[in-house]
Number of protein chains: 2
Amino acid sequence: MQVANASNAYRLAYETIRNQILTGELTGGTKLIEERLAQKIGVSRTPVREAIRRLEQEGLIQEKRVYKPTIADIIHSSEFRTLIECYAIKKAANNMSEENLKYLKQAVLDAKTGSVEEIVSANNRFHSLIIAESNNPIMIQEAKKMDAIFYLFNRTLILNKRPLLYEEHVQIYKAIEARKPELASRLMKEHLECDLQFMLRYTRKYK
Amino acid sequence: MQVANASNAYRLAYETIRNQILTGELTGGTKLIEERLAQKIGVSRTPVREAIRRLEQEGLIQEKRVYKPTIADIIHSSEFRTLIECYAIKKAANNMSEENLKYLKQAVLDAKTGSVEEIVSANNRFHSLIIAESNNPIMIQEAKKMDAIFYLFNRTLILNKRPLLYEEHVQIYKAIEARKPELASRLMKEHLECDLQFMLRYTRKYK
DNA sequence: TTGTAAAATAGTTCATTCAAAAGTATGAGG
DNA sequence: CCTCATACTTTTGAATGAACTATTTTACAA
C-alpha cells in the first residue's frame with residue numbers, strides 16, 4: 001500500500017482513511033465517526049470532514065459508511081473496466097514502445113511468485129501499463145479511481161489463488177508483442193470476464 | 001440549470017458553486033476565495049471548504065481555481081465519451097423499449113427549436129437516454145460527471161449554431177429505431193467527432 | 001414481558017477563532 | 001527606473017465551541 005503523503009492534515013486524513021479502506025482495515029459497511037477518526041489520525045475534525053467529502057465523491061464512502069460493493073456493483077464496474085481496457089489494449093498493441101513492452105513483460109513475470117502484496121502490485125502494474133497506452137489522461141485517471149474499488153476485490157483473487165492468472169497475462173502480453181490488437185482485446189475481455197466470474201464465486205460465499 | 005437543493009449549508013455551497021461554474025457565472029481560471037464565496041452564499045467557510053474538496057475530486061476545481069479545459073482536455077474527454085456512448089448505443093439499438101424510443105424521438109424534436117437553454121437541455125436528454133441504455137449505473141454516473149465538463153462547451157455548440165446537429169440526431173435516432181447497432185454506433189462516433197471539431201474551431205478562436 | 005416516552009448520550013453541522021502561509025505594496029539602494 | 005527586502009494584507013489551514021439532530025438507554029405503564 002502507498003505511504004501516506006502527509007503534507008497537511010487534510011491530506012493525511014484522506015490518505016489514511018483511504019488506505020484503511022483499501023487494505024481492509026476498515027471493512028465494508030463500517031460507520032465512520034468523525035471524532036474517532038480525527039483522534040486516531042491525530043488531527044481535528046475539520047480536515048477529516050473534508051477528506052470524507054472527497055471520499056464520498058470518489059465512491060469509497062456512502063452515507064458515512066465504508067462502501068461495500070454489491071454483486072451488481074462488481075458486475076457493473078467490471079463491465080466498465082472491460083470497455084476501457086479493451087480500448088486501451090488495442091492502442092497498446094499498435095503503438096507500445098519496445099521499452100514499455102519490456103516493463104510489461106517484467107510485470108507479468110513479477111506476478112508469477114512472491115507475497116500477496118507483491119503479486120497484487122505486479123498485477124496492477126500490468127493493467128496500468130496497458131491503460132497508460134490509451135494516451136488519454138482522463139481515461140487513465142478514471143480507471144485509477146475505479147482501481148480503488150477493484151483493489152478491494154483484486155486481493156481476493158490472489159488470496160484465493162485464482163488459477164491461470166499468470167498464464168492469461170502471458171497470452172495477453174504475447175498478443176501485444178505480436179502487434180495483434182483484435183486478439184489482444186479479445187484475450188483481455190476473456191481475462192477480465194474470468195476475474196469477474198471467479199470474484200463472484202467468492203463474493204457469494206461471503207454473503 | 002438545476003435548482004439548488006439546499007437541505008444544509010454544505011449542500012447549498014456545493015450546488016451553488018457548481019451551478020455558477022456550469023452556467024459560466026464563474027469562468028475558467030477564476031481563483032475561488034473561500035471567504036467571498038461563503039459570504040455570497042450566506043454560510044461560513046467550513047461548508048464551502050467541504051464543497052470545494054468535492055468539486056476538486058469532480059474535476060471542476062483545480063488548485064483553488066475554476067477548471068479551464070485545455071484543448072487536449074477537450075479532445076481526451078471527447079474520446080472517452082465516444083467510447084462510452086458508442087458502447088451504450090449498441091445496447092440501445094438492441095434493447096431500447098418502444099416507450100423509451102418515444103422519449104428519444106421527443107428529445108430529438110425538442111432540440112430543433114427553442115431557446116439556447118431548451119436546446120441544450122433537449123440535447124443532453126438525447127444523449128442521456130442513450131447512455132441510460134447501457135443499463136450500467138456506474139457508467140451512467142461517470143458519463144454524468146463528465147457532463148459537467150461537457151456542459152461548459154456544449155453551450156458553445158448551440159450558441160454558435162453548430163450546423164446539422166438536428167439532422168445528425170435524426171439519423172442516429174433512425175438507426176436505433178431500425179435496430180441497427182453497428183450503424184448507430186458509427187453515426188454516433190461521427191456525430192461526436194463533428195461536435196469535437198466544431199468545438200475546437202471555436203476554442204482556438206478564443207485562445 | 002413489551003411498548004413507549006423521556007432523558008441521556010453520542011454525533012454532526014456549522015461558525016468562529018487564531019496561527020501560518022501566500023500574496024502585495026512600498027520604499028531604499030543600486 | 002529597476003530590484004529586492006521588508007512590512008502589511010489577504011487568504012488558507014486547522015482547532016474548537018456551540019447548537020442542533022439522531023441514537024441509545026432508561027424508566028415506567030399497560
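A note on names: the letters A, B, ... follow the listed sequences, proteins ahead of strands, and every chain is numbered from 1. Computed over heavy atoms, backbone and side chain alike; hydrogens, waters and symmetry mates excluded.
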Protein-nucleotide distance (A:Glu35, atom CD; C:dA10, atom P), rounded to Å = 11 Å

Rounded off to whole Å, could you give me the OH-to-C1' distance for the B:Tyr14 and C:dT13 pair?
-> 19 Å

For B:Gln57 and A:Tyr14, does a side-chain donor sit closer than 3.5 Å to a side-chain acceptor?
-> no

Which part of the nucleic acid, if any, lies within reach of A:Glu34 when heavy atoms closer than 4.0 Å are counted: base, sugar-phosphate only, or nothing?
-> base

Can a salt bridge be assigned to the pair A:Glu190 and A:Arg186 using a cut-off of 4.0 Å between side-chain N and carboxylate O?
-> yes

Starting from C1' on D:dT11, measure out to CD1 on B:Ile52 and report it in whole angstrom.
-> 11 Å

Check the distance between D:dT24's P and A:Ile33's CD1 and give it to me in whole angstrom.
-> 10 Å

Report all interatomic pairs (protein N or O, nucleotide N or O of nucleotides 19-21 of chain C) with separations under 3.5 Å.
none

Nearest-angstrom distance from the residue atom CZ of B:Arg11 to C1' of C:dT13 | 13 Å

Interatomic distance where CD belongs to A:Glu50 and P belongs to C:dT13 [whole Å] | 14 Å

Rounded interatomic separation in angstrom, taking CG from B:Asn8 and P from D:dT21 = 11 Å

What side-chain donor-acceptor pairs closer than 3.5 Å can you find for residues 138-146 of chain A, not counting sequence neighbours?
from, atom 1, to, atom 2, distance (Å)
A:Glu142, OE2, A:Lys145, NZ, 3.2

Check: B:Lys90 side chain, B:Pro181 main-chain N or O, donor-acceptor pair, under 3.5 Å = no

Mind listing the residues from residues 36-46 of chain B sitting with a heavy atom below 4.0 Å of DNA chain D? Number order is fine.
-> B:Arg36, B:Arg45

A:Ile61 has an atom CD1; how far is it from atom P of C:dT12, in whole Å?
-> 11 Å

For A:Tyr10 and A:Arg54, test the side chains for any donor-to-acceptor distance below 3.5 angstrom and give the result as yes or no.
-> yes

CD of A:Glu117 to OG1 of A:Thr23: how many Å apart, nearest 0.5 Å?
-> 8.5 Å

A:Glu56/A:Arg53 salt bridge by N-O under 4.0 Å criterion | yes

Is B:Lys64 near enough to C:dG23 that one of its side-chain N or O atoms lies under 4.0 angstrom from OP1 or OP2?
-> no

Below 4.0 Å: OP1/OP2 of C:dT12 and any side-chain N or O of A:Arg49 | no

Looking just at side-chain N and O atoms, do A:Asn19 and A:Glu15 make a donor-acceptor pair shorter than 3.5 Å?
-> no

Base, sugar-phosphate, or nothing for A:Leu32, non-hydrogen atoms under 4.0 angstrom?
-> sugar-phosphate

Is there a donor in the side chain of A:Gln39 and an acceptor in the side chain of A:Glu35, or the other way round, less than 3.5 Å apart?
-> no

